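The block underneath contains the structure these notes are about, expressed in structure tokens.
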Amino acid sequence: MGTAKIPALLWLLAGVVLALAVNPTHGAKTRHYDFFITETNYTRLCHEKSILTVNGQFPGPTIYARKGDLVIVNVHNNGNKNITIHWHGVDQPRNPWSDGPEFITQCPIRPGGNFTYQVILFEEEGTLWWHAHSDFDRATVHGAIVIHPKRGTTFPFKKPDKEIPIILGEWWNDDVEHVLDEAKLTGGDVEPSDANTINGQPGDMFPCSRDDTFKVQVQQGNTYLLRVINAGLTNDMFFAVAGHRLTVVGIDARYTKPLTVDYIMIAPGQTMDVLLEANRTLGSNSRYYMAARTFITLPLDTIPFNNSTATAIVEYTDSAAARPAGPPEFPVLPAIKDENAAMAFVKQLKSLGNQDHPVHVPTHADEHMIIDLAINFLPCDAANPTNESCIKGPNGNTTRFAASLNNVSFENPAIDVLDAYYYGSGRGVYEEDFPNKPAVSVNLTGGGLGLTKRGTKVKVLEYGAVVEVVFQDLSGENHPMHLHGFAFYVVGRGSGIFDELRDPATYNLVDPPFQNTVSVPKSGWAAIRFRADNPGVWFMHCHFDRHVVWGMDTVFIVKDGKTPQAQMLPRPPNMPKC
């Protein structure tokens, strides 16, 4: 195309103009960051290893911006493998080119290469995050995105005295690439992580970890905004602070009605803005544990998992409370398999819905989809049915674990879907027949659909169509389902099989939470609605990374609208090549 002949610098300047045309916010700025992907040695749990990092940091650097800003990030791959970066929860209006998932919207950045992402902040305000979107790289390649209110406006709550990113994650002593390769080779499940972490540290309950435990220093009477992110690959988390209640004021960079609770449950991919009031009586204990514990919902008790609890320490620095103290108090967290506690929390989340942050829930849907989420199996070797090398597969040594949406296990193409769509060469790359409903009726006793099939099936949407998706779990575990390019209203959720005649009557169409990642309950369902007004190619997938690899993914292609402002931006000339 003609745009490919524009010099890269001129194209970047043109991109800035285009991006600001998408969102001409008064006072918006363009902010620049350089991300250098490097291999860096880190020690955790008495074990040193080389990990991929951004700028040598684990977790990576925080991006600071305001609502409406354009953030330009030049990613230099000085690592040893291909990589991409995704700006999780950023809608990227008309700009799928900078969304990041490998082989969906771009080919990966090769070692020695670089790519400049244009991150267009539009309606988002609060906490989001960025992470690698290739293989298992996001285990260590991730960081926070803090989006403050645009100038001249403020928070819809009292301005906090300090803001603190709290990134929940996981640590493997083994190299995460080896963990992934081993699962692919053997056909088995992914080995559990060795520890949960808070801001990269497991806490003082783990060996060789006491001195580096993350600490939060507070003063009595102050209020702290904890920007909590679940960056883990495999675990939902319960999170609490001993001796203090937490007030949730936002989820996925959208404000909520203030909700004061003893704990939160946060799924991988989700972010929550939480107020902590330092209101303990001076002279009492001055140290309190902040803790993150795995919340697990596996179908079988024999499946191994990381059942650890990560800790950080909240310390009062006031002189009256600074005297030597005993061990920090530990919070009361729900039990590791307490599904009722998790559901009780998420059901209370509601959008703020005031004049400055209104709610626009679609009252009808043009497209109705029911998507079954299942864990399945595939032949060990599709090209050779007699191959029996899957020594850890689900059915002896002839099959490997897989996952599916409506019994389609997604297969990444050799070139990215976005390029194929943009150039009109999708035939042979993907098929436009992802099913709106499962082909067969199922119950919840089988744990899935058994054998599945691979395919690169996508769903094409008309611009402006209102889409309702009901996610139905068949696998006997929670699934954090994430949609790129959109926030959506979580209008309903429930247990058992979704009833198309009865359950829509229970929807909240007044103030449902506005999210980009929804936790679908074990053996239950969750319903979302969104308006397809962002043209482009957008990935949808489970945010348990092993399920992404197994195929619990699909793609929405949203067609261009009729006006220039309803059409996808042109392809940048410097996109990485496959």
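A quick note: this is a predicted structure, and the numbers were derived from the prediction, not measured. Excluded from the calculations below are hydrogen atoms, water molecules and symmetry mates; all remaining heavy atoms, backbone and side chain alike, are included.
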ring-ring contact (aromatic ring centres under 6.0 Å, His included), that's the test. Do Tyr288 and His244 meet it? Break it down for me. CA-CA 9 Å; Tyr288 302 86; His244 300 75; 5.0 Å; yes
Taking every heavy atom of Ala312 against every heavy atom of Ile198, the minimum-distance pair comes out as N-CD1, 3.7 Å
- prompt: Does Lys49 make a cation-pi contact with Trp172 (under 6.0 Å, within 45 degrees of the axis)?
  reply: no
Across all chains, not counting sequence neighbours, the side-chain contact (heavy atoms from CB on, under 4.5 Å) partners of Ala65 are Arg31, Asp69, Val71, Leu121
task = Could you go through the ring-ring contact (aromatic ring centres under 6.0 Å, His included) check for His543 and His88 one step at a time?
result = CA-CA 11 Å; His543 225 271; His88 187 111; 4.8 Å; yes
Between Thr127 and Asp273, does any side-chain donor sit less than 3.5 Å from a side-chain acceptor?
yes
Could you please spell out the steps behind the side chain to side chain donor-acceptor pair (under 3.5 Å) verdict for Asn74 and Thr116? CA-CA 4 Å; Asn74 195 0; Thr116 300; 3.2 Å; yes
Sequence neighbours excluded, the answer for side-chain contact (heavy atoms from CB on, under 4.5 Å) partners of Asn508 is Lys350, Val510, Asp511, Pro512
From the list Val216, Val274, Leu246, side chain to side chain contact (heavy atoms under 4.5 Å, CB included) partner of Val241 resolves to Leu246
Taken in chain and number order and not counting sequence neighbours, the residues that satisfy salt bridge (charged side-chain N to carboxylate O under 4.0 Å, His left out) with Asp91 are Arg254
Decide whether Asp99 and Trp97 meet the rule of one side-chain donor and one side-chain acceptor closer than 3.5 Å. no
For this session: Please determine, by modelled atom types, if Ser134 and Asn82 share a side-chain donor-acceptor pair under 3.5 angstrom.
Result: no
Assess the side chains of His484 and His541: does a donor N or O sit below 3.5 Å from an acceptor N or O?
yes
- Message: Under a 4.0 Å threshold between the charged nitrogen and the carboxylate oxygen, would Glu102 count as salt-bridged to Lys81?
- Response: no
- Donor-acceptor pair, side chain of Asp252 and main chain of Asn516, under 3.5 angstrom: yes
Checklist entry - With no hydrogens and no angle check, do the side chains of Asn306 and Glu170 hold a donor and an acceptor under 3.5 Å apart? => result no
The residue among Lys215, Arg280, Arg287 that forms salt bridge (charged side-chain N to carboxylate O under 4.0 Å, His left out) with Glu315 is Arg287
**Prompt:** Between Thr213 and Asp204, does any side-chain donor sit less than 3.5 Å from a side-chain acceptor?
**Reply:** no
